[in-house]
Chemist: 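Below is one structure. I have some questions about it.
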4 protein chains.
Amino acid sequence: MTESRGERKRRANGEESRRRILDAAAEIAGERGYEGTSIALVSEKCGLPASSIYWHFKNKDDLLAAVIERSFDIWVDVLALPGDDSEPMPERLAAMAVKVAKTLLDSPDFLRLGLMLTLERRPEEPSARRVFLQVRETARARLAAVLARVAPDADRDTIETITTYAIAATDGLFIAKEIGGDSVDLLRLFELLGRTLYDSLTRLTGGSPATETP
Amino acid sequence: MTESRGERKRRANGEESRRRILDAAAEIAGERGYEGTSIALVSEKCGLPASSIYWHFKNKDDLLAAVIERSFDIWVDVLALPGDDSEPMPERLAAMAVKVAKTLLDSPDFLRLGLMLTLERRPEEPSARRVFLQVRETARARLAAVLARVAPDADRDTIETITTYAIAATDGLFIAKEIGGDSVDLLRLFELLGRTLYDSLTRLTGGSPATETP
Amino acid sequence: MTESRGERKRRANGEESRRRILDAAAEIAGERGYEGTSIALVSEKCGLPASSIYWHFKNKDDLLAAVIERSFDIWVDVLALPGDDSEPMPERLAAMAVKVAKTLLDSPDFLRLGLMLTLERRPEEPSARRVFLQVRETARARLAAVLARVAPDADRDTIETITTYAIAATDGLFIAKEIGGDSVDLLRLFELLGRTLYDSLTRLTGGSPATETP
Amino acid sequence: MTESRGERKRRANGEESRRRILDAAAEIAGERGYEGTSIALVSEKCGLPASSIYWHFKNKDDLLAAVIERSFDIWVDVLALPGDDSEPMPERLAAMAVKVAKTLLDSPDFLRLGLMLTLERRPEEPSARRVFLQVRETARARLAAVLARVAPDADRDTIETITTYAIAATDGLFIAKEIGGDSVDLLRLFELLGRTLYDSLTRLTGGSPATETP
DNA sequence: TATGAATGAGGTTTCATTCAT
DNA sequence: TATGAATGAAACCTCATTCAT
């Protein structure tokens, strides 16, 4: 009577079906954007009928928003300074940048979809776009906090500007990688970015970031 | 009393019709991307019936490729060092960066569509995407030539790396502006970018860019 | 009071819908051929919206192939020698030919569509055509087997030739009926054909078909 | 001033344009039938714009009717008894049948299109179909006349029946060739047909066709 | 004797979504 | 917790045809 019957027919399992749908949608949406992601395509890829997708998600908008939402945790861990305070800051920043690069290489669909949603301007904004921008704002705040720790003397405006730069560079380098493929050494570029950020902080602040205090 | 009646049946005029279709398509595609650009929408905006669009363009793909192609000239003039050789290089680079920023602010549709096309990974690549990447490659070559003039001693690899950075930063800052709207001062950010590029060239090359020769 | 209300929203019933679509498509395609059979026409005749047709069939090609396939059983029973072995062969062959004629008169759509598909030479052959030729090949084999029983001494080549003749005559007489309408007595012509076949077998084989051996 | 100017630009030449259009239409219609023959396709194949086709022909229907009409003369010569009266009739009939077969092999598009038009039943009959049936009726009359010469004693009904048979066999063997391709020896089959016709005439008439009276 | 351009109707197919079971 | 079936709207594109030049 319980679910331990052991029969082969895939037991109706809401959790797993939901996950399969999200996996399929994430992959397709990462490749083809909002309009390019059709329910029929998702249905085919995840093996569940279209109507089942509508059992789990209110509509296409809701599904794509869930895709974005689920990917948030990816960035939670990444945006933290690695190493302990005995190590020099430039190295720690560079190491964090490399972590970011690795994450982009591992699961590029999330950012690709997010950027597509960002660039599109349709009459009624998809909630997936809204969710992405929220997630991005959260990430931005974390990065600003990290940079503020790196340069405690910097004023708020400088931190904001450098944060904007850092995120812009991240987006741009990701795109460069998408275009250039193997000819682009993302890790090296991001390491360089990390050091550049440190330099900029130093210069704009007036020459005394955190680690210089012996 | 002349033929400028404007109403009823417009006199057949291929050149102008083609232009109107391209204008409409450029605007819509810049906002909504490849899939979001429906022929019906373009038809409505340009006033010609959908079937007339197919007289001028083989299909949707062809139309969007033409949109991209036509926008190329925008970048031809922008990517040239302004000023004459008596002015210091850092100022000239910064001025060019500001020109780029102004162009992005003036006609953002071209780059927005291009980036959307770039990010999408459809089974059969739209030729619009191919055309955009060609245009982009041409622009990249022009920029590399400019940077090589700025730092004549730099080796090829350094120039390539800095060029990649510069383009990535351009893409990224454009996106930042798209998201941030009026809160992002694109001109200031691009001016800063111009100077940063000069610094990077200087540092990576070993301290002697072009203007130092008295 | 029961569910036989019939009006408003028909209860979903895949089996029956599929049959209705096939019926409509068979009738239209039999009259107007492959290109002339539009999904809109089928939709109108069967009462289901066009999109529902695409639930049951992958595309128009698939639909017409199914139409042909379903009609195969018509020929299964027809191509068998009627009567028992005590009756003289010429009569039995003639009786079979008459059965064929009756079938053609009863449901001419199948052969008409099939012949149209056969005559068309489109760049990519419709699978409906392929299916028809398969069915036809099966029918041909059955007829050859019957003729081999009628003339056991005949060599393979003779049987093949006469079979080709028989089928050609069937096609041709069917067309004659299509053109001539009531002025063509198909039954009489087919009876004659049956006897002619017997004569041909006799002559080509050397004068000793099956029934002569009492 | 005359047309001897010798310049390269193809001189506007109604006759030749018309011929080119008809050639293209004949080929396409022979392959794809009435509906499958689009003006755009014909335009592409003959190199003239669609509007020029409408200068030469009232509409698609008119064009296809002209295609059929032009092919009539093909049959004028074919349906005549070759040889002179000193030769035996069976040989002369067989020779004529072989001529028919050769014509079918040489220009199969005419009959293929004609049969397609015959089989289709659309609401308003295309005039191309009407013209084909007229041509066919003329051909039928010629054939009946030939058969009447072959068997002067035969009554009208017998001649009509054999004529119907002959045409049906012709149609059917043509189709067999279309399906079977190289595996079908059309010449041999038609020679056989010629002899069979002679036999049938003989038998149905009571044993005394023309050539027996030496 | 042509033809570039235009056009409304209709073609096949896919879309997101709903609903009864 | 699902899903087979259905559906109106809209997608892209081709159709036969016309008309001003």
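Bear in mind that the values here come from a model prediction, so they are computed numbers and not experimental data. Residue numbering restarts at 1 for every chain, and letters A, B, ... go by the order of the sequence lines.
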Chemist: For B/Tyr34 and for A/Glu15, locate the closest nucleotide of DNA chain F by heavy-atom distance; then report the residue assigned to the nucleotide nearer the 5' terminus.
Modeler: A/Glu15

Chemist: Taking atom P of E/dT17 as reference, at what distance in whole Å does atom CG of A/Leu64 sit?
Modeler: 10 Å

Chemist: Under a 4.0 Å N-O cut-off, is there an ion pair linking C/Arg19 with C/Glu16?
Modeler: yes

Chemist: Keeping A/Thr37 on the side-chain end and A/Gly33 on the backbone end, is there a donor-acceptor pair under 3.5 Å?
Modeler: yes

Chemist: Measure the distance from CD on B/Glu35 to C1' on F/dA10 and round it to the nearest whole Å.
Modeler: 14 Å

Chemist: Is it true that a side-chain atom of D/Ser43 and a backbone atom of D/Leu48 form a donor plus acceptor pair closer than 3.5 Å?
Modeler: yes

Chemist: What's the closest nucleotide to the A/Lys60 side chain, out of F/dA16, F/dA2, E/dA16?
Modeler: E/dA16

Chemist: Within this structure, what is the CD1-to-P distance between C/Ile21 and F/dA5, rounded to whole angstrom?
Modeler: 11 Å

Chemist: State plainly whether the residues B/Arg70 and B/Asp23 are in salt-bridge range, i.e. N to O under 4.0 Å.
Modeler: yes

Chemist: By a strict heavy-atom criterion of less than 4.0 Å, which residues belonging to residues 38-56 of chain D are in contact with DNA chain E?
Modeler: D/Leu48, D/Pro49, D/Ser51, D/Ser52, D/Trp55, D/His56

Chemist: Output yes when a side-chain donor or acceptor of D/Asp61 lies under 3.5 Å from a complementary backbone atom of D/Pro126, and no otherwise.
Modeler: no

Chemist: Once you round it to whole Å, what is the distance between C1' of F/dA11 and CG of B/Leu63?
Modeler: 15 Å

Chemist: According to the Watson-Crick and G-U wobble definition with distances under 3.5 Å, which dot-bracket string, read 5' to 3', encodes DNA chain E, using [ ] for crossing pairs and | for pairs with another strand?
Modeler: .||||||||||||||||||||

Chemist: Under a 4.0 Å threshold between the charged nitrogen and the carboxylate oxygen, would C/Lys45 count as salt-bridged to C/Glu27?
Modeler: yes

Chemist: In whole Å, I'd like the distance from the CG atom of D/Asp62 to the P atom of F/dT17.
Modeler: 10 Å

Chemist: Are any of the side-chain nitrogens in D/Glu125 or D/Arg130 under 4.0 Å away from the carboxylate oxygens of its partner?
Modeler: yes

Chemist: Could you check how far CG of B/Asp61 sits from P of F/dC13, rounded to whole Å?
Modeler: 8 Å

Chemist: Are C/Asp109 and C/Arg112 within salt-bridge range, i.e. N to O under 4.0 Å?
Modeler: yes

Chemist: So, does D/Ser38 use its side chain to make a donor-acceptor pair with the main chain of D/Leu41 at under 3.5 Å?
Modeler: yes

Chemist: Expressed as a whole number of angstroms, how long is the span from B/Arg19:CZ to E/dA5:C1'?
Modeler: 16 Å

Chemist: Measure the distance from CZ on A/Arg20 to P on F/dT1 and round it to the nearest whole Å.
Modeler: 15 Å

